[in-house]
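In what follows, a structure is listed as structure tokens, so that the remarks can point back to it.
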Amino acid sequence: MIKIESVRAVEFTHPTRRSVDAAGHSHPGPLGTGHLALLSIRSTDGVEGHCFAPPQVVRPHVLNQFVRRVLVGGDALQREKLWCELEHWQRGSAGQLTDRALGAVDSALHDLIGRTLGVPVYQLLGGYRDKVPAYGSTMCGDELKGGLSTPEEYADFARQLVARGYKAIKLHTWMPPVSFAPSVAMDIKACTAVREAVGPDIELMLDGYHEYSRTDALRIGRALEELNFAWFEEMMNEQSTASYTWLAGQLDVPLLGPESLSGKHYARADWVKAGASDILRAGVTGCGGIAPTMKVAHLAESFGMNCEVHGNGAPNLAVVGAIRNCRWYERGLLHPFLDYDEVPAYMNALVDPMDTDGFVHLPQQPGLGEDINFDYIARHTVA
Ligand SMILES: O=C(O)[C@H](O)[C@@H](O)[C@@H](O)C(=O)NO
Ligand SMILES: [Mg+2]
């Protein structure tokens, strides 16, 4: 038994050049102050498991009303039981206990178990590989000169990413509030420019505006087929499964999803049944944790599908290291103005450094493998 003694979240500040637009997409911005929380679950053995999360996701109300009531005194080794109890509390939480909160708790529980047993989480989950190829996932397009404001700038950045070692690149193109977005023509021009820049051997994917009509999505999809793209992602509202099923029937380029759709592994089972995508998608923050993300991966495998894990970071990387049916680790989000390889102030090292061949090596430390700068966090804790 790994008896849980306490659960806490510490909010801290850190310098950042990432800003968020009205639609929640990140872009480069002036040097500013970011806020983040570190959720920590401590056992009676004195070991702690951790997960970073937005402060509001693990705010006191969420910990006091739900998380502590389920976890404290429980056995971290029974994390499926704990997860199911938290999921049960969601329905009556008036939307306060989010899938992201479940994701943070489940990730910290996995970290606690791994740190206690001295085993990396990806090996606890199964252990399929010790390194994985990464694709460069760009930030969304912008109107910043020299940034990602034109098809040519996407092409320039793609050349830089190939030189860095990436063997695949996913374009997030322009979305509102960018003044000219959405634009079918510009999306196609950016994809064409990048394909011409990197040649035929680099895999390319598009993840653009998320609310195109069926007919607009079809126009873009046809162009991606000409450009031999590897997949087409979240081009329509994912709440319309029928639209994805229709589009999948029209196109040869693989559709990938759902990313943003709530409903965890349950909704993704319905997508498989509906034939709404060719490649499934799940991520630890969007699906409510490592455990449900693994369930989606296994569901996909049972139907001969890949499951491309959504997002970067230690929990998602652990899942990618534990499953066969995922081609890439999503490394990003990337932008010409930002150095992704710069270690955040609250860490002592990146969890996902990439070698010159484009591989990310799974961390071999116990737990999720994050080398957290606890002193920095203590010095920058919000009172
Ligand atoms: O803000 C978002 O929608 C996400 O960061 C998104 O851009 C990115 O994570 C994604 O879509 N990856 O596939
Ligand atoms: Mg996406």
Side-chain angles (χ1 to χ4, degrees), residues 16-29 34 36 52-54 56-57 98-100 103 132 134-142 147-148 154 157 161 166 168-178 181-182 187 190-191 203-212 217 220-221 224 229-239 244 247 253-262 267-268 271 276-287 293 296-297 306-317 319-320 326-335 338 340 352 360:
T16 182
R17 296 184 186 281
R18 282 169 173 74
S19 63
V20 177
D21 67 25
H25 291 107
S26 49
H27 299 280
L36 197 56
F52 291 102
Q56 67 275 19
V57 167
T98 62
D99 287 351
R100 290 197 72 165
V132 60
Y135 69 83
S137 190
T138 77
M139 280 186 170
C140 296
D142 50 46
L148 294 174
Y154 270 96
F157 190 42
L161 295 180
Y166 289 100
I169 298 168
K170 181 163 84 178
L171 289 78
H172 287 101
T173 45
W174 298 275
M175 314 190 195
V178 166
D187 283 353
C191 293
E203 295 219 15
L204 298 177
M205 308 79 129
L206 174 63
D207 183 358
Y209 178 57
H210 307 314
E211 306 277 347
Y212 276 120
I220 297 171
L224 298 186
F229 267 50
W231 78 61
F232 190 15
E233 179 179 341
E234 201 175 354
M235 74 305 288
M236 299 180 291
N237 187 319
E238 290 183 337
Q239 296 172 90
Y244 278 81
L247 189 64
V253 58
L255 302 193
L256 174 139
E259 170 175 313
S260 307
L261 185 66
S262 59
R268 284 151 179 82
W271 261 51
S277 65
D278 307 286
I279 305 170
L280 218 43
R281 188 141 177 84
V284 173
T285 53
C287 257
T293 303
V296 175
N306 275 358
C307 174
E308 292 300 327
V309 176
H310 169 215
N312 66 339
N316 285 317
L317 180 56
V319 172
V320 174
C326 177
R327 286 210 52 204
W328 306 98
Y329 168 71
E330 180 172 14
R331 197 168 191 261
L333 298 172
L334 310 174
H335 192 280
L338 298 171
Y340 182 86
D352 59 355
V360 171

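Residue numbers count from 1 along this sequence. Since we're looking at a predicted model, the values are computed, not measured. Values below: all heavy atoms of this structure, side chains included; hydrogens, waters and symmetry mates excluded. When a ligand or atom number is given, it counts from 1 through the structure's own listing order.
Using modelled atom types, one side-chain atom of N316 and one backbone atom of V284 make a donor-acceptor pair closer than 3.5 Å. Proximity of a side-chain donor or acceptor of Y329 to a complementary backbone N or O of G313 within less than 3.5 Å is detected. Without hydrogens or angle criteria, E234 side chain to G257 main chain gives no donor-acceptor distance under 3.5 Å.
Between H25 and H210, the ring-plane angle classifies as tilted under the 30° and 60° cut-offs. Using bins of under 30°, 30° to 60° and over 60° for the plane-to-plane angle, the ring pair Y135/W231 lands in the perpendicular bin.
Put simply, E234 stays out of reach of the Mg ion (ligand 2), with no N, O or S atom under 2.8 Å from it.
The pair E330-R281 meets the salt-bridge criterion, with a side-chain N (NZ, NE, NH1 or NH2) lying under 4.0 Å from an Asp/Glu carboxylate O.
The minimum distance between the Mg ion (ligand 2) and any N, O or S atom of E259 involves atom OE1.
The neighbour count for Q239 CD, taken as heavy atoms of other residues, nucleotides or ligands under 6.0 Å away, does not exceed 12.
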Atom pairs, nitrogen or oxygen, ligand 1 to protein, under 3.5 angstrom:
residue	atom	partner	partner atom	Å
ligand 1	1 (O)	G24	O	3.3
ligand 1	3 (O)	H25	NE2	3.3
ligand 1	9 (O)	H310	NE2	2.9
ligand 1	11 (O)	H172	NE2	3.0
ligand 1	11 (O)	D207	OD2	2.8
ligand 1	11 (O)	E259	OE1	3.3
ligand 1	11 (O)	E259	OE2	2.8
ligand 1	12 (N)	H172	NE2	3.4
ligand 1	12 (N)	E259	OE1	3.4
ligand 1	12 (N)	E330	OE2	2.9
ligand 1	13 (O)	K170	NZ	2.6
ligand 1	13 (O)	D207	OD2	3.0
ligand 1	13 (O)	E233	OE2	2.8
ligand 1	13 (O)	E259	OE1	2.8
ligand 1	13 (O)	R281	NH2	2.8
ligand 1	13 (O)	E330	OE2	3.2

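Taking the Mg ion (ligand 2) as the corner point, the angle from E233 atom OE2 to D207 atom OD2 is about 90° (rounded to 10 degrees).
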